[in-house]
Amino acid sequence: MSYHVNEKGYYGEFGGAYIPEMLYPNVEELRQNYLKIMAEPDFQKEFNQLLKDYVGRPSPLYFASRLSKKHNTKIYLKREDLNHTGAHKVNNTIGQILMAKRLGKTRIIAETGAGQHGVATATVCALMGIQCVVYMGEIDIARQAPNVARMKMLGAEVVAATSGSKTLKDATNEAIRDWINNPVDTHYIIGSVVGPHPYPDMVARFQSVVSEEIKKQLLTHEGTEFPNHVIACVGGGSNAAGAFYHFLDEEKVNLIAVEAAGHGVDSGESAATSILGKEGIIHGSKTLLMQTKDGQITEPYSISAGLDYPGVGPLHAHLFKTGRAEFIAITDDQAMTAGMELTKLEGIIPAIESSHAFAVLKEKQFQPEDIVIINLSGRGDKDLDTYIKHFNL
Ligand SMILES: *Cc1c(COP(=O)(O)O)cnc(C)c1O
């Protein structure tokens, strides 16, 4: 069984590039060049240098002793929350801006939901002095004002998507439309392991630095490169893809993907995409997505803005279908409780996306000698309002 993309851009039955004719030249240009460019020593050097000096990598692998004691197992946190801009997303945007430069592109577009990917994209555009346009749903613009302000400060133009539900999937549609109209000078920085091939593979490779570091760091801590379990939350799936990447072919490492159950998997208000999803095509990729009987995409819901995408990347659809990864759905309440527990026991306020991964500690009993890695995908500063409301702080 392979868990890597094949030459045609598929993970098992999922993936591919289902795109309009007019997008073909852009996607094809990227497909033909991405591996070649990523392998260039000069690219590698610049990518690694920026990850080190600008992002602050390697991010620590921290042994959480009080959390471990509470759950009677050995828990290590991969501290992506300590990256510049506060999450894992910048690993990918650094990689893609360097890719865009080598493809001779002078303009960047991106979609964003909560604004985290928009900020990470606007950040690297400021860093490189490249024009940046971010598409964002009108509703998201209203509810994520601080991130909109950040993007503007960083010099990005934020364009409101006013169609459909005025959220992430509509912003994505607008970005695709822009790309069709600007095929020559523009690169589209997609923010997760979603979209047409080669995006899911390219983004997974940029994020794979996470598991590459985990292996080295765990060797120093525990004398082995291989944990028993790796836990990560899944929106589109990029932080999980990065945390799983170098363990995919090591069947002894149990991979746990955590989706947002919102008000409950069966409540009609959730984002448990793999569990509830059916095969379909979204944003150029065949994958599992939440849809009605007649194929209309269902509006996802989660308390965490970063997890409410109606689809999931094709790698994760494949991991679900083959059983390589275990998929667990966590409700809003369970996630918030777990986020508070981490805060109280370790002095770390996690992003609510990441809190979903921590909630698994109550759902599953691990062995005392097990090594459990939790990918702490981001910090909770952006979520303070939500924590305040939830706990009446
Ligand atoms: C965006 C985001 C996610 C969800 O995106 P993935 O592509 O699934 O990783 C998770 N955690 C944080 C902190 C985020 O900002």
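In listed order, ligands and their atoms are each counted from 1. Note that the structure is a prediction, hence the values are computed from the model and not measured. Every heavy atom of this structure was used, including side-chain atoms; hydrogens, water molecules and symmetry mates were not.
- Only the side chain of K89 comes within contact range of ligand 1, with a heavy atom under 4.0 Å; no backbone atom does.
- Protein heavy atom at the shortest distance from atom 10 (C) of ligand 1 is E353 CB, 3.4 Å.
- A tilted orientation is assigned to the rings of Y11 and H318, their planes being inclined by 30° to 60°.
- Among protein heavy atoms, atom 11 (N) of ligand 1 sits closest to S377 OG, 2.8 Å.
- Taking distance alone, with nitrogen or oxygen atoms compared against 3.5 Å, A87 stays at or beyond that limit from ligand 1.
- Annotation for ligand 1: atoms under 4.0 Å from non-hydrogen atoms of V234 are 8 (O).
- The pair D140-K166 does not count as a salt bridge, with every side-chain nitrogen at least 4.0 angstrom from each carboxylate oxygen.
- Proximity of a side-chain donor or acceptor of D370 to a complementary backbone N or O of Q367 within less than 3.5 Å is detected.
- For ligand 1 and C233, the ligand atoms under 4.0 Å from any heavy atom of the residue are 10 (C).
- Heavy atoms of H117 found under 4.0 angstrom from ligand 1: none, in either backbone or side chain.
- The side-chain heavy atoms of E346 and R66, taken from C-beta on, include a pair separated by under 4.5 Å.
- Judged by distance alone, the side chain of N92 and the main-chain N or O of V203 form no donor-acceptor pair under 3.5 Å.
- Listed by number with element, the atoms of ligand 1 under 4.0 angstrom from any heavy atom of S238 are 6 (P), 7 (O), 8 (O), 9 (O).
- Ring pair F206/F47 is tilted by interplanar angle, where 30° to 60° counts as tilted.
- Close contacts of ligand 1 with S192, meaning ligand atoms under 4.0 Å from a residue heavy atom, involve 6 (P), 7 (O).
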Stepwise side chain to side chain contact (heavy atoms under 4.5 Å, CB included) check, D383 with E353:
CA-CA 10 Å; D383 294 320; E353 289 86 354; 4.0 Å; yes

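- Ligand 1 has no atom lying under 4.0 Å from any heavy atom of E80.
- In summary, the atoms of ligand 1 found under 4.0 Å from a heavy atom of G235, numbered by their order in the structure, are 8 (O).
- Side-chain contact between K215 and F226: present, with at least one pair of heavy atoms (C-beta onward) separated by less than 4.5 Å.
- Between N239 and ligand 1, at least one N/O pair is under 3.5 Å apart.
- Note on ring orientation: taking the six-membered ring where Trp is involved, the planes of F63 and Y76 are tilted (angle from 30° to 60°).
- Under the 4.5 Å side-chain criterion, counting only non-hydrogen atoms from C-beta, F358 is in contact with I374.
- Under a 4.0 Å criterion applied to the non-hydrogen atoms of A351, ligand 1 contributes the atoms 13 (C).
- Ligand-side atoms of ligand 1 in range of G306: 4 (C), range being under 4.0 angstrom from any heavy atom.
- For ligand 1, the atoms closer than 4.0 angstrom to any heavy atom of G378 are 13 (C).
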